[in-house]
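In what follows, a structure is listed as structure tokens, so that the remarks can point back to it.
What you see is a predicted model; the values in this text were computed from it and never measured. Chain naming here is simple, since letters A, B, ... match the order of the sequence lines and numbering starts at 1 in each.
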Amino acid sequence: MRYWLMKSEPADVSIDDLASFPNQTVDWYGVRNYQARNFMRDQMQVGDGVLFYHSNCDQPGIAGLAEVSTLAYPDRLQFIKDHKYYDPKATPETPRWFNVDVKLVRKTRLLSLKEMRENPALENLKILQRGNRLSITPVDPRDWQTIMALLA
DNA sequence: GCCAACGTTGGC
DNA sequence: GCCAACGTTGGC
């Protein structure tokens, strides 16, 4: 079992949106970065823990806990012409982009980016490192435990 | 809206 | 395979 941090723009899908969806589940569509895709396609297992992070918004930070609820499968938007996430080089026979489904475990208090930065125990968290832009990053089990304690 | 950091593209 | 140009991310 692994742990992940997954960024979502709340203007697109917020933690409250996730809570309102059928089965409180969302397909993690739109990832168009190979490293992030590979994490989903090659490493994620059903039941993996997910920190649901609000990015590119007024109050960036961890907004809830979730879990991986399916293995990766082809992202349906890559095939839709004129869609923002259309990829002309992808075909159903040779899809290029994949996503898992993510299911809400519980909404938490907002653990802000600032609070995480100020906590020395979290200094190795990928999201806090300079220049990090990856929308999906692995989380060390110790960092997961630290964050669970902060959110308890 | 700015801009640093980084990924991707494409000409050569 | 190099690398300049360009596009995107995302905090501030």
Could you tell me the separation between the [atom1] atom of [X] and the [atom2] atom of [N], rounded to a whole number of Å?
X: His54(A); N: dG10(C); atom1: NE2; atom2: P; value: 14 Å
X: Lys114(A); N: dG10(C); atom1: NZ; atom2: C1'; value: 19 Å
X: Arg37(A); N: dG7(B); atom1: CZ; atom2: P; value: 15 Å
X: Gln129(A); N: dG10(C); atom1: CD; atom2: P; value: 15 Å
X: Ile62(A); N: dG11(C); atom1: CD1; atom2: P; value: 12 Å
X: Asp58(A); N: dG11(C); atom1: CG; atom2: P; value: 11 Å
X: Arg32(A); N: dC6(B); atom1: CZ; atom2: P; value: 23 Å
X: Lys84(A); N: dT9(C); atom1: NZ; atom2: P; value: 7 Å

Candidate nucleotides dC12(C), dG7(B), dG10(C), ranked by approach to the side chain of Asn33(A) - the nearest: dG7(B)
Among dC12(C), dG7(B), dG10(C), the nucleotide that comes nearest once only the side chain of Gln35(A) is considered: dG7(B)
Short side-chain to backbone donor-acceptor contact, Thr137(A) and Ile127(A), under 3.5 Å: no
Main-chain N/O of Pro88(A) paired with Arg96(A) side-chain donor or acceptor, under 3.5 Å: no
Short side-chain N/O contact to dT9(C) OP1/OP2 from Lys7(A), under 4.0 Å: no
Distance below 4.0 Å between Tyr34(A) side-chain N/O and dC6(B) OP1 or OP2: no
Donor-acceptor pair between Tyr3(A) and Asp140(A) side chains, under 3.5 angstrom: no
Short N-O contact, Arg106(A) and Glu67(A), less than 4.0 angstrom: no
Base dT8(C) to side chain Arg133(A), donor-acceptor N/O within 3.5 Å cut-off: yes
5'-most by nearest nucleotide on DNA chain B - Arg96(A) or Asn132(A): Asn132(A)
CA sep, side-chain torsions, deciding dist, call: Asp75(A), Arg32(A), salt bridge (Lys or Arg N to Asp or Glu O under 4.0 Å): CA-CA 10 Å; Asp75(A) 180 331; Arg32(A) 295 294 180 268; 3.0 Å; yes
